[in-house]
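All values below come from the heavy atoms of this structure, side chains included, with hydrogens, waters and symmetry mates left out. A note on names: the letters A, B, ... follow the listed sequences, proteins ahead of strands, and every chain is numbered from 1.
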Amino acid sequence: MEQHVRVLQSSPLSMQDSLRPHLRAILDTFEAVPDNFEITFEEPDRPEHGDLATNTALRLASVLGDNPRSIAERLAERLSERVDPSRIRSVEVAGPGFINFRFAQDYLFDGLADLLAEGDAFGQTDVGAGQTALVEYVSANPTGPLNVGHGRNAVLGDTLATLLDWTGYDVTREYYYNDAGRQMRVLARSVRARYKALAGAAGTTTMTLDDGTTVEVPEGFPEDGYLGQYIIDIARDLSDEHGDALLDTEDLTPFRTAAEEAIFAEIEATLRRLNIEMDGFANEQALHDDGTVQEVLDGLTDAGLTYEKDGALWLKTTAFGKEDDTVLVKQSGEPTYRTPDIAYHTTKFERGYDLMIDVFGADHHAAYPDVLNALGALGYDQERVDVVLYQFVTLVRGDEPVKMSTRRANYVTLDDLIDEVGADVTRFFFLMRSPDTHLNFDLELAEEESEKNPVFYLQYAHARICSVLDKAEEVGFSHDDDADLSLLTHADEIALIKELLRFPQELQNAADARAPHFVPNYLRDVATAFSQFYDNCRIIGEEDALASARMRLALAAKTVLKNGLTVLGIDAPRQM
RNA sequence: GCGCUCGUAGCUCAGUCGGACAGAGCAUCGGUUUCCGGUACCGAAGGCCGGGGGUUCGAAUCCUCCCGAGCGCACCA
């Protein structure tokens, strides 16, 4: 905890924490104020409203039956007597009854010194210390290359994991896939048909797709088989390795295994390009093999939540408020995807995670409540599972939507996207919007390496600071850590310091709200504040003491940009 | 029909405990450089926050009804 206090010492969060007890003590002297009255602070939008504000008086008006302005006056007067003048410069009543606080400059300089001392670790907090978190993401079944939607999932999940890591959690990144169901069977049959065709053991036939067009496929190719070129490549590899030896085998296993391995290798390679490395993989088959799936079925049955009908086993989801019950085990004896999914989640609980986050596409929204409710029925605390849903991605090029057909596998793959715009831009564009909004990914804008492209604005600011610091050192200036930071009194210097000190809180908010997009938005503000400072405050040419102090401030800005981009998984280049 | 997400400037979007005159980027128009990276900075213009009703001292934010968009509503995942 000592670490936590030290890290946050300079941020507005700790200022709130230090002001709150004072205000609480004052409120305690008012009979009518309930003990559980919540004291809240906000960071005002406008500088003339100070650095921190509270609406306490406004909210007490009805409770006390007095006008908010006069309540505020009384509170402010007593607060002024209590606060530490080395941290708070002024306490004022403003507007309808807000109490505005202004930070003392020494408080800012101390914060800046702390920031510089922490360096690469600045921004880390330990509010999650001692807690473990599992983030499940990507979780695409290995039936083909990752698409653009998987990309949003992957980048969101990865960044959420990093955010939790930076806020103190012990984080595990996990990828779950279904390797036991129908999809993998269709995949194996698709490969087998291609393999037979390559060996000359199958003729060709035509198949009509949903859009009315026809394609040539081998005889025996599944109705809903996978049409991509990668299937043929896998078949060819099998043919090279085994010759005709697999022609007569009825067992799909060699085809399935070969496909799974080949496709997984591709998926992992794609993820690696995006700086994504999973800690572990979990698969459905293992849950069947070790009996977890059966335990779940037994548990739900013991809870009285299942029944048999039409040869299938049903889950009474109506008991959770749904319109219809849903099938757990099909007539065929095979479970639906839901059942192993519940089983998988029980393994997360059994492994003892305090927090479990699932990243799912919007198309899952109807399904996950069943999983959560089933977990609740099995005695697990569903509050510990948090589902982050993201809306779909549309690729556009200027005004033109990019047409895609999943069926034909002629969609733009995630690899194609990375080839076209690069990993940094890919990550940034997926992260800069709220998961809740439908994402328009503009390839034209993404490819533009100019000021129009927000990721370059941040990278440019970082590169520029590196360049300026190098130049200043070349001509004989230095930024010792004993520089006198109190020389930084220009309005743009103060504004930049305040912006930089918000970083730990900003990461905290992003982690708490599961909202990675807070970070790109914040970093843009940092880059803007730096640019304004840079425009109005020279370094080279100033007297040594001031130049040193400004170099320290530039270094601090560089640190925040670098750390922020690191959290986003994006490179912070020294030059563009 | 039901459910989820969304509807904010010309475009793409912030605004996540309801707060003080609604923000950013791009696009448009205008300005800034003897000087550290102008891929920058400053300014202007641009909004009945989809619409109606309600709660509140106060609503883009909460409730309700309507309109519109996307996604779901499988013994597919």
If pairing means Watson-Crick or G-U wobble with both distances under 3.5 Å, then the partner of G23(B) is C13(B)
Have T413(A) and N147(A) got a donor and an acceptor in their side chains that come within less than 3.5 Å? no
Rounded distance in Å between the P positions of G70(B) and U12(B):
14 Å
Per-nucleotide protein contact along nucleotides 8-16 of chain B, 5' to 3', at a 4.0 Å heavy-atom cut-off (B base, S sugar-phosphate only, - neither), is ----BSSSB
The ring pair (Phe, Tyr, Trp, His ring centres under 6.0 Å) partners of Y137(A) (sequence neighbours excluded) come to none
Indicate, with a heavy-atom threshold strictly under 4.0 Å, whether C466(A) touches base, sugar-phosphate, or nothing. nothing
Open item on the list: By the 4.0 Å heavy-atom rule, please label A463(A) as base, sugar-phosphate, or nothing.
Closed with: base
Please check this pair: side chain of Q575(A) against backbone of S467(A), looking for a donor-acceptor N/O pair closer than 3.5 Å. no
Exercise for review: Could you measure between the two P atoms, the one in C62(B) and the one in G1(B), and give it in whole Å?
Suggested key: 25 Å
Please list, pair by pair, any protein nitrogen or oxygen found under 3.5 Å from a nitrogen or oxygen in nucleotides 41-46 of chain B.
residue, atom, partner, partner atom, Å
C41(B), OP1, Y457(A), OH, 2.4
C41(B), O2', D535(A), OD2, 3.4
C42(B), OP1, Q532(A), NE2, 2.0

With a 6.0 Å cut-off on ring centres, are Y175(A) and F264(A) close enough?
yes
Discussion item. Mind checking if F429(A) touches a base, just sugar-phosphate, or nothing, with heavy atoms under 4.0 Å?
Written reply: nothing
request  = Measure up the H364(A) and F360(A) rings against each other and bin them: parallel (under 30°), tilted (30 to 60°), perpendicular (over 60°).
outcome  = parallel
Here the side-chain hydrogen bond (donor to acceptor under 3.5 Å, both in side chains) pairs for residues 509-522 of chain A, sequence neighbours left out, are D386(A)-R514(A), Q505(A)-N509(A), Q508(A)-D512(A)
Look for any protein N or O under 3.5 Å of an N or O in nucleotides 75-77 of chain B and output each such pair with its distance, or none.
residue, atom, partner, partner atom, Å
C75(B), O2, Q331(A), N, 2.7
C76(B), OP2, K330(A), NZ, 2.4
A77(B), OP2, Y337(A), N, 3.1
A77(B), O3', N141(A), ND2, 2.9
A77(B), O3', N178(A), OD1, 2.1
A77(B), O2', N141(A), ND2, 3.1
A77(B), N6, Y337(A), OH, 3.2

In 5'-to-3' order, the base (B), backbone-only (S) or no-contact (-) status of each nucleotide in nucleotides 18-23 of chain B, using a 4.0 angstrom heavy-atom cut-off, is -BBB-S
If pairing means Watson-Crick or G-U wobble with both distances under 3.5 Å, then the partner of A40(B) is U32(B)
Exercise for the section: Look at all strands and tell whether R574(A) reaches a base, only sugar-phosphate, or nothing, counting heavy atoms closer than 4.0 Å. Expected result: base
Any strand, both distances under 3.5 Å, Watson-Crick or G-U wobble: C71(B) pairs with G3(B)
Comparing L445(A) with E323(A), nearest RNA chain B nucleotide closer to 5' gives the residue E323(A)
Item to complete: Taking atom C1' in both C17(B) and U28(B), compute the distance separating them and give it to the nearest angstrom.
Response: 39 Å
Q: Rounded to whole angstrom, note down the C1' distance from G52(B) over to C13(B).
A: 27 Å
From the list L305(A), D324(A), T326(A), V327(A), side chain to side chain contact (heavy atoms under 4.5 Å, CB included) partner of W314(A) resolves to V327(A)
When both distances are under 3.5 Å in a Watson-Crick or G-U wobble arrangement, the nucleotide paired with A59(B) is none
